[in-house]
Amino acid sequence: MVSRETAPSAPAAAASIGYSAPRQEGDWPRPSKQRVITIANQKGGVGKTTTAVNLAAGLSMHGLRVLVVDLDPQGNASTALSVEHRGDIPSVYQVLVEDLPLKEIISPVPDMPNLYCAPATIGLAGAEIELVSLVAREARLKRALEAFDAIELDYILIDCPPSLGLLTVNAMVAAEEVLIPIQCEYYALEGVSQLLQNVELVRVHLNQVLRVSTILLTMYDGRTRLASQVADEVRSHFGETVLSTVIPRSVRVSEAPSYGQSVLTYDAGSSGAMAYMDAAREIAFRGAAVAGS
């Protein structure tokens, strides 16, 4: 098989949606094959969307071509990436329910040459019900991603809604990896066991290559003993799966989406931005290490 390091350039069709800038010195290693990572946790407010957006930004800023698939009806990832997602805009809803080709909805993220977004609209809120009657309902997103070849993507990050319904199942069937953000607060592990059970069910019945590859600790407050206790507990449970980088609580991280930006472009010197950049670096180099082993 041809190495992705020496693979031919992406098809000219990519130009129609803003093909990426040339790779530059300081770029991180490309994975040996495209990595599709679902970012999931049915518990709300743990930083799923924030993590998806900022990891994508960090990876793309170092020469990697990244697509964010917004699978949350709230469309927060689309907002944070400054991609239009009004109700009448073609979105992931049309891809899942109406078989619209993915290339018809993908937009380049402004001022981020290597970053793309498949937006979500409020129509996705009804998709859970509409998918029930469709053939191969759990694999609709997987089929759409497999048919998309306009850009030679290195990473696809799928931002899930805070539930374990059909949208999240579609995300898990489409991916090989699951990344779980866990906040460093009381009850941090509550619900994670249910999520792990669902990952295992999907692996056994629908996607045998699925695995939990990464756990990211978020909302860490170094002033409290509780935060360090939670971090220690998560590491004792999950070991090497947990990234060394911990994401601190940061006002800048919260502010950035209101300006249609990731925290990496909004305030690159903030603690949150530097932490997400470190986390993205870990993910990129871990992937390269696995490929080389």
Side-chain angles (χ1 to χ4, degrees), residues 28 31 35-59 66 68 71-72 77 155-164 168-169 171-172 174-203 207 209-222 224 226-250 253 263 271-272 274-291 293:
W28 293 341
R35 293 178 69 184
V36 184
I37 304 175
T38 286
I39 300 173
N41 190 331
Q42 77 274 21
K43 192 173 181 181
V46 301
K48 285 188 299 296
T49 298
T50 301
T51 295
V53 166
N54 289 297
L55 290 180
L59 292 165
V66 186
V68 174
L71 215 57
D72 188 340
Y155 288 83
I156 298 175
L157 304 184
I158 307 173
D159 183 33
C160 292
S163 72
L164 294 175
T168 300
V169 171
M172 290 183 182
E176 290 193 10
E177 303 178 48
V178 177
L179 184 156
I180 305 175
I182 298 179
Q183 81 280 31
C184 296
E185 296 179 352
Y186 196 55
Y187 293 137
L189 294 175
E190 187 178 80
V192 173
S193 61
Q194 180 63 53
L195 175 59
L196 294 175
Q197 288 174 25
N198 278 46
V199 170
E200 180 62 14
L201 284 171
V202 171
R203 189 191 68 78
N207 180 7
V209 298
L210 186 66
R211 62 191 174 91
V212 176
S213 66
T214 311
I215 290 174
L216 178 62
L217 293 164
T218 63
M219 303 179 186
Y220 183 87
D221 187 343
T224 68
L226 175 63
S228 60
Q229 289 175 339
V230 170
D232 290 344
E233 184 178 3
V234 172
R235 292 189 191 282
S236 69
H237 271 79
F238 298 106
E240 293 298 314
T241 305
V242 186
L243 293 184
S244 299
T245 304
V246 175
I247 308 300
R249 282 198 172 276
S250 168
V253 170
V263 72
S271 60
M274 291 189 287
Y276 269 116
M277 188 65 83
D278 287 344
R281 183 185 293 108
E282 268 198 79
I283 288 171
F285 279 87
R286 278 189 176 195
V290 169
S293 60

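As the structure is a prediction and not an experimental result, all values here were calculated from the model. Start at 1 with the first residue, then count along the sequence.
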_To check you understand the geometry: which heavy-atom pair defines the closest contact between Val68 and Ala56, and what is its length?_
CG2-CB, 3.4 Å
*Measure the shortest side-chain to side-chain distance between Lys43 and Leu195 over non-hydrogen atoms and say whether it is less than 4.5 angstrom.*
no
_With a 4.5 Å cut-off on side-chain heavy atoms, are Ile158 and Ile156 touching?_
yes
*Can you tell me if Lys48 uses its side chain to pair, donor with acceptor, with the backbone of Asn41 under 3.5 Å?*
yes
*Over all atoms of both residues, closest heavy-atom pair of Ala284 and Tyr155*: CA-OH, 3.4 Å
*Which residues pass the salt bridge (Lys or Arg N to Asp or Glu O under 4.0 Å) test with Glu200, sequence neighbours left out?*
Arg203
*For the student: nearest non-hydrogen atoms of Val253 and Gly272, plus distance*: CG2-CA, 3.7 Å
*Could you list the residues that satisfy side chain to side chain donor-acceptor pair (under 3.5 Å) with Thr245, not counting sequence neighbours?*
Glu282
*What closest approach, in Å, do Ala77 and Thr49 show between heavy atoms, and which atom pair accounts for it?*
N-CG2, 3.4 Å
*asked:* Is there a side-chain contact (heavy atoms from CB on, under 4.5 Å) between His237 and Val192? Walk through the geometry before answering.
replied: CA-CA 11 Å; His237 271 79; Val192 173; over 6 Å; no
*How would you list, by chain and number, every residue that makes a salt bridge (Lys or Arg N to Asp or Glu O under 4.0 Å) with Arg235, sequence neighbours excluded?*
none
*Kindly compute the distance separating CD1 (Ile247) from CD1 (Ile182), expressed to the nearest 0.5 Å.*
13.5 Å
*Working to the nearest 0.5 Å, report the span between CE of Met274 and OG of Ser250.*
9.5 Å
*Determine whether Leu217 and Val234 make a side-chain contact, defined as any pair of heavy atoms from C-beta on separated by less than 4.5 Å.*
yes
_Pairwise side-chain contact, Ile180 with Phe238, heavy-atom cut-off 4.5 Å (strictly under)_ = no
_Partners meeting side-chain contact (heavy atoms from CB on, under 4.5 Å) with Gln194 (sequence neighbours left out)_ = Gln42, Leu164, Gln197, Asn198
*Quick one: side-chain contact (heavy atoms from CB on, under 4.5 Å) partners of Thr51, sequence neighbours excluded?*
Ile39, Leu55, Leu179, Pro181, Leu216, Thr218, Tyr276
_Spacing of Asn207 atom CG and Met172 atom CE [to the nearest 0.5 Å]_ = 10.5 Å
*For Ile283 against Arg35, the heavy-atom pair lying closest together*: O-NH1, 2.8 Å
_For the backbone of Ala227 and the side chain of Asp221, can you confirm whether one donor and one acceptor N or O come within less than 3.5 Å of each other?_
no
*Applying the side chain to side chain contact (heavy atoms under 4.5 Å, CB included) test to Val202, which of Val178, Leu210, Thr168 qualifies?*
Leu210
*If every non-hydrogen atom of Cys160 is compared with every non-hydrogen atom of Ala40, which pair is closest and at what distance?*
SG-CB, 4.2 Å
_Residues which pass side-chain contact (heavy atoms from CB on, under 4.5 Å) with Met277, listed by chain and number, not counting sequence neighbours_ = Trp28, Met61, His62, Leu264, Arg281
